[in-house]
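Worksheet: the structure to be examined is printed underneath.
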Amino acid sequence: MHLEKLELIDVRSYQRAQLRLDLGVTVFVGPNAQGKTNIVEAVQRVSTGGSHRSAGDTVLVRVGAQNGAIRAQAIDDDGRTRTIDVALGSGRTQTKVDGHPVRRTLDSIGIIRTVLFAPEDLAIVRGDPSERRAFLDQLLAQRRPAYAAVRAEYERALRQRSQLLKQLRGLGPSARATAQATLDTWSEQLVHHGSQLLAARLAGVEALGPTVDAAYRRLADRPDPVTLKYRSAVTDAWFDEHRDGPLPAVAEIANRFHDRLIDRRDEEIARGVTLVGPHRDDVEIVLGSLLARAYASHGEAWSTALALKLGSAALLRDVGDRPIVLLDDVFAELDDVRRRQLAQMCGDYDQVLVTAAVEADVPLAGDRYDVRIENGVSSVIARGVDGEVAD
């Protein structure tokens with residue numbers, strides 16, 4: 001798959017930009033704060049349904065404008081043209097896929113497949129478990145778009161159940177009995193959707209582990225293995241019993257999830273919060289024998305985060321269209337050896353979009369665009385072409 005056209009209208013620092021992109025490598029060059037990252041952010045938004053820098057779409061609209069739009073056209077691995085149009089504004093975001101409106105943003109996820117590495121991704125290695133869960137969920141949603149719908153249903157059940165747990169603390173005996181019956185209903189929904197999420201995450205981590213390890217060894221040129229371990233109050237005990245066996249089936253996960261909720265119901269009511277489920281799980285990243293979160297150096301953390309993303313690209317490539325790789329300001333943080341290794345790895349992908357403040361940091365051949373900002377508005381100028389491609 002490759003992105004053929006990208007148009008931004010009143011998005012971030014762009015008043016209007018129209019880009020035509022080719023297969024291979026494209027590098028956007030310019031000093032910091034000129035608008036380079038805004039380009040890859042827009043591609044990521046149409047691909048995954050969200051920005052890697054902020055929650056919600058309102059902040060994507062250029063300051064001073066009422067509305068904005070992102071329009072992307074890609075060619076998939078079968079040669080078909082796919083389009084996504086996203087209308088941004090103060091109201092509800094409207095999305096079209098191949099010219100047809102879709103009811104939910106998640107219905108557009110995975111149409112244009114991307115893997116983005118940005119400096120913020122260091123948080124996957126060093127940050128809270130929520131960062132690792134979000135990384136895994138985004139990957140699985142692109143791999144199997146139905147995953148996003150299951151996750152949305154799980155989060156809905158989680159909100160309803162947690163609200164009811166808070167209410168239970170202040171109810172009398174009679175009202176509490178009625179509320180607990182409702183709690184059972186939401187618990188069933190939580191287990192139903194949550195067990196599907198857990199099964200998908202367990203399988204995803206098992207498949208992702210070898211690709212991340214291979215990417216890390218190739219990138220860092222070190223013998224230390226990278227191991228991924230999924231940690232969950234629901235399934236950890238199962239793994240202790242069946243460490244060398246196949247992954248648990250959805251039905252078995254559901255039974256264990258149900259039992260864990262019963263075990264901790266009194267504690268949940270006392271605290272007013274749901275204590276068990278995929279929303280509290282973690283993915284441990286282990287370098288050699290040490291937790292990366294606690295012991296990785298800056299260089300190791302950077303290489304590990306990059307390996308996670310390159311491993312994700314390999315995993316996506318196994319199911320569906322090959323993804324577009326987006327590398328935001330990555331080469332500047334790598335030493336010469338890792339730069340050369342990453343440059344070689346870029347040859348594995350149909351299309352790679354790179355941003356860089358210093359062109360000499362990027363040892364890649366390919367199209368170049370200069371990005372600059374004047375009077376608060378970014379422009380993109382193609383090398384070797386008279387005049388501006390976009391302004």
Side-chain angles (χ1 to χ4, degrees), residues 25-28 36-37 40-41 43-44 47-48 52-53 113-127 131-136 138-139 142-143 204-205 207-228 283-288 290-318 322-358 361-364 366:
V25 174
T26 300
V27 183
F28 299 93
K36 304 183 301 297
T37 295
V40 295
E41 178 186 33
V43 178
Q44 179 77 347
S47 170
T48 66
H52 68 290
R53 295 195 293 178
R113 303 176 108 192
T114 63
V115 170
L116 166 68
F117 178 83
E120 292 86 352
D121 290 326
L122 283 177
I124 301 173
V125 178
R126 293 195 178 279
E131 300 284 353
R132 289 178 285 280
R133 292 194 299 267
F135 157 71
L136 184 58
Q138 186 179 95
L139 169 61
Q142 284 207 84
R143 198 164 187 250
V205 168
L208 181 63
T211 68
V212 173
D213 181 54
Y216 183 83
R217 289 170 183 264
R218 186 175 173 188
L219 179 67
D221 194 22
R222 292 185 56 178
D224 295 332
V226 177
T227 306
L228 305 183
V283 179
E284 285 186 356
I285 305 169
V286 181
L287 291 179
L290 300 175
L291 276 177
R293 174 171 52 84
Y295 294 100
S297 67
H298 180 74
E300 287 172 333
W302 195 272
S303 296
T304 302
L306 183 53
L308 285 165
K309 291 307 185 79
L310 297 177
S312 299
L315 197 63
L316 287 175
R317 196 165 47 197
D318 289 341
R322 297 185 296 272
I324 301 160
V325 174
L326 313 174
L327 300 175
D328 184 26
D329 199 25
V330 58
F331 282 93
E333 289 287 338
L334 302 176
D335 58 31
D336 289 341
V337 172
R338 286 176 170 81
R339 285 179 189 171
R340 289 194 297 270
Q341 292 294 99
L342 178 57
Q344 291 178 3
M345 296 171 78
C346 285
D348 297 341
Y349 309 109
D350 293 342
Q351 187 176 49
V352 183
L353 306 184
V354 181
T355 71
V358 179
D361 289 340
V362 184
L364 288 168

Handout entry: Short side-chain donor-acceptor distance under 3.5 Å, Ser47 and Gln142
Key =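 A donor-acceptor contact under 3.5 Å links the two side chains.
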Problem - Side-chain H-bond candidate by donor/acceptor type, Thr37 with Asp328, under 3.5 Å - result: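 Judged by distance alone, the side chains do pair up.
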Taking all non-hydrogen atoms of both residues, which atom of [X] and which atom of [Y] are closest, and how far apart?
X	Y	value
Asp361	Ala332	OD2-CB, 3.7 Å
Pro363	Ala343	O-CB, 3.6 Å
Ala215	Gly311	CB-N, 4.3 Å
Ala357	Lys36	N-CE, 4.1 Å
Thr211	Leu208	OG1-O, 2.8 Å
Gly204	Leu315	O-CD2, 4.2 Å

Practice task
Evaluate side-chain contact (heavy atoms from CB on, under 4.5 Å) for Ile285 paired with Leu308, printing each intermediate quantity in order.
Solution key: CA-CA 10 Å; Ile285 305 169; Leu308 285 165; 3.7 Å; yes
Spell out, as yes or no, whether a donor-acceptor pair under 3.5 Å connects the side chain of [X] to the backbone of [Y].
X	Y	result
Arg126	Ala296	yes
Ser303	Glu300	no
Arg339	Leu334	yes
Arg293	Val125	no
Asp213	Val226	yes
Arg132	Ile124	yes

Kindly compute the distance separating [atom1] ([X]) from [atom2] ([Y]), expressed to the nearest 0.5 Å.
X	Y	atom1	atom2	answer
Gln341	Asp335	CD	CG	10.0 Å
Glu41	Leu326	CD	CG	11.5 Å
Gln351	Thr26	CD	OG1	6.0 Å
Leu219	Trp302	CG	CH2	11.5 Å
Leu316	Leu139	CG	CG	5.0 Å
Leu287	Thr227	CG	OG1	8.5 Å

Within-4.5 Å side-chain heavy-atom neighbours: [X] and [Y]:
X	Y	answer
Leu291	Glu284	yes
Lys309	Phe135	yes
Leu327	Leu353	no
Thr114	Val43	yes
Tyr216	Thr304	yes
Tyr349	Leu310	yes
Pro225	Arg217	yes
Cys346	Val325	no

Exercise for the section: Test Arg338 against Glu333 for side-chain contact (heavy atoms from CB on, under 4.5 Å), laying out the working first. Expected result: CA-CA 9 Å; Arg338 286 176 170 81; Glu333 289 287 338; over 6 Å; no
Practice task
Please assess His298 against Leu122 for the test side-chain contact (heavy atoms from CB on, under 4.5 Å), listing each intermediate value before the final yes or no.
Solution key: CA-CA 9 Å; His298 180 74; Leu122 283 177; 4.0 Å; yes
Exercise for the section: Using the side-chain contact (heavy atoms from CB on, under 4.5 Å) rule, take Met345 and Arg340 through it: C-alpha gap first, then chi angles, then the decisive distance, then the call. Expected result: CA-CA 9 Å; Met345 296 171 78; Arg340 289 194 297 270; over 6 Å; no
Exercise for the section: State whether Arg317 and Asp350 are salt-bridged, where the test is any N-O pair (Lys NZ or Arg NE/NH1/NH2 against Asp/Glu carboxylate O) under 4.0 Å. Expected result: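 Salt bridge between Arg317 and Asp350, a charged N being under 4.0 Å from a carboxylate O: no.
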